[in-house]
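So the structure is just underneath, and the comments pick up after that.
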Amino acid sequence: MDEIINNPTINFRIFDITEGVEQLDEVFVDLANSTLGGKVIECSDEFFAEAFNLLKPQKPIREWGRYTERGAWMDGWETKRHNPSYDWVVIKLGFEGYLTGFDIDTAHFVGNQAPLADVEACYSPHKDPIYNDDTNWHKVLPKVNLGPSSQHFFGIQKTIKFTHVKLNIYPDGGVARFRVYGVVSARWPKDLSTPIDLAYVGNEGRVISHSDQHFGKSDNILLPGRGKDMSDGWETKRSRQPNHKDWVIIKLGVPGYLEKAEVDTAFFKGNYPDSVLLEGCFCDKDELLGNIKSNQWVSLLERSKLGPHKQHYFELKEKNKKFSHVKMTIFPDGGVKRLRIIGRRELPKNGNDNASQSAIHTSDVSLTRITAIPLTYTSYSPYGHIIQSFPEHFPASQNSISVSRIKVTPANQGTARKYNNIAPVINFRQSNIQNQSGNSTSNKTHVIAKAEPNLSLYKCSPAKSLPFTLRLMERHPYSSQMFVPLNNGKVKGYLVVVCLSNEEEDRPDLSTLNAFVVSSTQGISYHPGIWHHPMIALEETTDFVCLTHESGVADEDCEEFEFEEKDFVLIDVPGFNC
């Protein structure tokens, strides 16, 4: 399709549901999906139902008889009545990319659906646009009619690259889901020999064919992170025939020389596959794959056993051949959470010591490898608190202990909203006698120095290479620690790496390790005793205001733990490069 931009006579096509699924949902990526990091930046109104519901990966549901203090509960975005003009919502895409179509779904909105809608888009990689700034918005879908409780698929000519979209509804009403289909535009490392995950959706990898996806969609295996439960993995139905097998074919973001693979069965504890086989081929066009005979697929990994709820690391064969597609076959059936295919776009040149040396650690398949995920209240609550503003009527599905205690009150003569107790400031050293566990009934006490608050500023240089290699962690056993970025508009976010403590061994518990991409408009705090890596800036040098309590006794203020090389962890950071 040809590219379009700000065309008053935009060509678009209306698909029925079957065509929409075949032409858009099964071919392109939903760039606004919350699992990819898509998020709502701003909206005109969300009186009845919050706008973040638009980006949920799950299908909309209806709970008859369920009411909130504002009316019937709806699984979507719904504004109040009688808007004299229109309502709107600004969405940041999970990955910047080229748009190809939309699904504006009004499921369960009957009589209260938005009757009309159009879509605009902009490219703003360094800051989030707001409604009344000077952002150059481009109309990508003209005003279209919407009906009650139905999916509305619209295909458009492939656009130029965008980072944000704005859904406008006329004049008001409800929309359940908003899918923004398109092609990811990856940010590739400058060095073509850098090892990267060529199957990852953020690197333009995509599923083009599969055998079955009864319980979970096959393209989930290319998502960031390790997910939250079985629902965001690929799971096939139980087979009843002897010698059954299921399979999925992935088109890599770019052809490459493949070295390592990770098959993750996280959360699949009684329904993981017995074994897995990986094959590869080089093919210029997807449609030719159907004509490839079984003996034309090259074996990358012989059939290998899998276990429950585990990351499995494999060394691949045929490292000097270039492949464009990978086929994963599972025996006989079951669930896989993620598939990572580590490779290089080009082999290192002879004498390229820097490339070969950097690959020694950062591509070593024996190391655990995780992907940083967007920060949410629920996922971060075991480790600390998030410092940011949010709608006064915060969605119940995101409500947690971290949020429910926050009371929002008017301030500044009614010109501001005050978020009270946004994050607790904790100091366990208010007296000079403390027990080691923090429990006043414990008999294990020792003398510690009193601590005073220290409000400081950190000027952090950006990470020198990605994936980031985690070599050490630290913790503050007696004090919370808070970081708030001073956003200069030049960076999208920063990286936070945390885990709980293994109490028996008194060291970081890597089974609880998580990495989060934190927006530059968010601050964070760590609970006392939480292991974390020192603050990791991305892209540019970033200033952080820090508040903690310190006594001046180094071992009490901060404890460090350095990992042995075999325990290093590689952290992929989608959307960022060095």
Side-chain angles (χ1 to χ4, degrees), residues 24-25 27-43 51-58 77 89-103 105 119-129 140 159-167 177-188 196-197 199-207 217 219-228 231-233 253 338 340 370-376 378-380 398 466 491-495 514-522 538-539 571-577:
L24 293 175
D25 191 68
V27 177
F28 299 106
V29 175
D30 176 11
L31 298 174
N33 196 303
S34 61
T35 59
L36 301 189
K39 62 180 181 179
V40 170
I41 301 301
E42 188 182 15
C43 66
F52 88 95
N53 289 322
L54 290 169
L55 313 184
K56 287 180 179 178
Q58 302 87 359
W77 171 47
V89 57
V90 175
I91 296 162
K92 181 177 182 179
L93 303 177
F95 298 106
E96 58 187 52
Y98 309 90
L99 312 186
T100 57
F102 309 95
D103 174 16
D105 187 354
V119 182
E120 299 173 88
C122 75
Y123 185 73
S124 182
H126 300 304
K127 67 174 184 177
D128 291 327
V140 292
T159 68
I160 62 171
K161 187 161 56 178
F162 291 118
T163 57
H164 297 73
V165 295
K166 182 153 73 83
L167 173 65
R177 297 290 187 268
F178 180 44
R179 310 297 188 200
V180 181
Y181 296 108
V183 178
V184 172
S185 176
R187 295 190 175 189
W188 302 104
I196 52 176
D197 180 2
Y200 176 50
V201 63
N203 290 332
E204 303 181 21
R206 62 188 179 90
V207 169
K217 294 184 65 176
D219 51 12
N220 285 337
I221 62 176
L222 310 184
L223 292 176
R226 299 187 70 196
K228 61 183 179 66
S231 68
D232 55 4
R338 300 290 184 262
R340 310 294 183 201
I370 67 173
T371 302
I373 60 177
L375 192 71
T376 66
T378 301
S379 60
Y380 191 68
Q398 288 192 7
L466 294 176
V491 297
K492 299 193 302 293
Y494 55 100
L495 180 64
N514 267 303
F516 298 96
V517 176
V518 187
S519 166
S520 58
T521 61
Q522 295 174 310
L538 300 169
E539 299 181 310
I571 302 174
D572 292 302
V573 189
F576 293 86
N577 56 35

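On a predicted model such as this, the values are computed, not experimentally measured, just so you know. If you read the sequence from its start, that first residue is 1, and numbering goes on from there.
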For this session: With the side chain counted from C-beta on, respond yes when Thr371 and Ile571 share a heavy-atom pair under 4.5 Å apart, and no when they do not.
Result: no
Seminar exercise, completed: Taking every heavy atom of Asp128 against every heavy atom of Ile41, the minimum-distance pair comes out as OD2-CD1, 3.4 Å
For this session: Could you check Ile160 against Tyr123 for side chain to side chain contact (heavy atoms under 4.5 Å, CB included), going step by step and ending with a plain yes or no?
Result: CA-CA 9 Å; Ile160 62 171; Tyr123 185 73; over 6 Å; no
Seminar exercise, completed: Between the CZ atom in Arg177 and the CG atom in Asp30, the distance rounded to the nearest 0.5 Å is 11.0 Å
Seminar exercise, completed: Closest non-hydrogen contact found for Leu538 with Gly493 is CB-O, 3.8 Å
Exercise. Given Tyr380 and Phe516, is the ring pair (Phe, Tyr, Trp, His ring centres under 6.0 Å) satisfied, shown in steps?
Worked result: CA-CA 8 Å; Tyr380 191 68; Phe516 298 96; 5.6 Å; yes
For this session: Output yes when a side-chain donor or acceptor of Thr163 lies under 3.5 Å from a complementary backbone atom of Glu96, and no otherwise.
Result: no
Exercise. Is there a side chain to side chain contact (heavy atoms under 4.5 Å, CB included) between Leu55 and Val40 once you walk through the steps?
Worked result: CA-CA 8 Å; Leu55 313 184; Val40 170; 4.2 Å; yes
For this session: Go through the steps to decide whether Val180 and Leu99 satisfy the test side chain to side chain contact (heavy atoms under 4.5 Å, CB included), and finish with yes or no.
Result: CA-CA 7 Å; Val180 181; Leu99 312 186; 3.8 Å; yes
Exercise. To the nearest 0.5 Å, how far apart are CG in Leu466 and CG in Leu495?
Worked result: 8.0 Å
Seminar exercise, completed: Heavy atoms of Leu36 and Pro224 approach each other most closely as CD2-CD, 4.0 Å
For this session: Look only at the side chain of Glu204 and the backbone of Ala186, and say whether a donor-acceptor pair between them is shorter than 3.5 Å.
Result: yes
Exercise. Will you find, in the side chains of Asn220 and Lys217, an N or O donor that is under 3.5 Å from an N or O acceptor?
Worked result: no
For this session: Spell out, as yes or no, whether a donor-acceptor pair under 3.5 Å connects the side chain of Arg206 to the backbone of Val201.
Result: no
Problem set entry | side chain to side chain contact (heavy atoms under 4.5 Å, CB included) between Leu93 and Val165, intermediate numbers included | CA-CA 7 Å; Leu93 303 177; Val165 295; 4.2 Å; yes
Problem set entry | Gly253 backbone acceptor or donor facing Asn203 side chain under 3.5 Å | no
Problem set entry | Heavy-atom side-chain proximity of Val140 to Phe162 below 4.5 angstrom | yes
Exercise. If every non-hydrogen atom of Ala372 is compared with every non-hydrogen atom of Val573, which pair is closest and at what distance?
Worked result: CB-CA, 4.4 Å
For this session: First locate atom NZ of Lys166, then atom CD1 of Ile91, and finally report the distance between them rounded to the nearest 0.5 Å.
Result: 11.0 Å
Problem set entry | Side chain to side chain, Leu222 and Tyr200, heavy atoms closer than 4.5 Å | no
Problem set entry | Heavy-atom side-chain contact between Trp77 and Val89 under 4.5 Å | yes
For this session: Looking only at non-hydrogen atoms, find the nearest pair between Arg338 and Gly233 and report the distance.
Result: NH1-CA, 4.4 Å
For this session: Report the distance from atom NZ of Lys39 to atom OG of Ser34, rounding to the nearest 0.5 Å.
Result: 12.5 Å
Exercise. Can you tell me how far CG of Asp232 sits from OG1 of Thr35, rounded to the nearest 0.5 angstrom?
Worked result: 7.5 Å
Problem set entry | Backbone N/O of Ile196 and side chain of Arg340: donor-acceptor pair under 3.5 Å | no
Exercise. Hey, does Phe95 have a side-chain heavy atom less than 4.5 Å from the side chain of Val29?
Worked result: no
For this session: Examine distances only and state if a side-chain atom of Thr159 and a backbone atom of Tyr98 form a donor-acceptor pair shorter than 3.5 Å.
Result: no
For this session: Identify the two heavy atoms, one from Gly37 and one from Pro374, that lie closest to each other, and give their separation to 0.1 Å.
Result: CA-CG, 3.5 Å
Exercise. Could you state the interatomic distance from NE2 (His126) to CD (Glu539), rounded to the nearest 0.5 Å?
Worked result: 7.5 Å
Exercise. Cut-off 3.5 Å, side chains only: do Tyr181 and Asp25 have a donor facing an acceptor?
Worked result: yes
